[in-house]
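Just so you know, residue 1 is the first one in the sequence shown, and it goes up from there.
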Amino acid sequence: MYYFTYDSWIGKVLYLEDFYVTRAYQGLGIGAEMLKRLSQIAIRTQCNRMHFLVVIWNQASVDYYTSRGALDLSSEEGWHLFRFNRGELLDMAWE
């Protein structure tokens with residue numbers, strides 16, 4: 001699944017959600033083909049970047065994406081991903 005977001009510094013971004021290939025199909029080029037198609041969609045729709053998350057313990061995926069040229073923002077740029085759950089949103093909304 002993917003969707004588009006907008007970053008005021010860089011413009012349109014394709015955000016990739018829940019991207020994975022099950023173990024039985026890994027190593028067959030399916031992931032590479034999916035990334036190729038998603039890259040084509042991003043370029044065709046005028047995106048400047050593609051963002052996605054990888055769980056910290058999945059070193060094989062981190063290694064694969066960085067070998068393809070992806071930047072690990074947690075180490076390259078020092079970004080931290082934060083989230084507010086609904087409870088915190090309600091608390092802040094009614095402060």
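Note on residues 37-61: pairs passing salt bridge (Lys or Arg N to Asp or Glu O under 4.0 Å), not counting sequence neighbours, are E33-R37. Among residue pairs with one or both ends in residues 43-71, those qualifying as ring pair (Phe, Tyr, Trp, His ring centres under 6.0 Å) are F52-Y65; sequence neighbours excluded.
Put simply, the side chain of V13 does not reach to within 4.5 Å of the side chain of C47, judged on heavy atoms. Side-chain contact between F19 and M34 is present, with at least one heavy-atom pair separated by less than 4.5 Å.
Here OG1 of T45 is found 7.5 Å from OH of Y2. Values are rounded to the nearest 0.5 Å. Rounded to the nearest 0.5 Å, atoms CG (L16) and CG (L35) are 7.0 Å apart. Considering CG of D63 and CG of N58, their distance stands at 9.0 Å, rounded to 0.5 Å.
Neither L53 nor V21 shares a network with the other; the hydrophobic side chains, linked directly or stepwise wherever heavy atoms of I, L, V, M, F, W or Y lie under 4.5 Å apart, form separate groups for each. The hydrophobic cluster containing L71 does not contain I43, counting ILVMFWY residues as joined when their side-chain heavy atoms lie under 4.5 angstrom apart, directly or transitively.
Remark: I56 CD1 is loosely packed, at most 12 non-hydrogen atoms of other residues, nucleotides or ligands lying under 6.0 Å away. Heavy atoms of other residues, nucleotides or ligands lying less than 6.0 angstrom from CZ of F84 number 12 at most.
Within the cation-pi definition used here (under 6.0 Å to the ring centroid, within 45° of the axis), K12 qualifies as a partner of F4.
With sequence neighbours excluded, the residues satisfying side-chain hydrogen bond (donor to acceptor under 3.5 Å, both in side chains) with S74 are D72.
The backbone N or O of E88 sits nowhere less than 3.5 Å from a side-chain atom of N85 that would complete a donor-acceptor pair.
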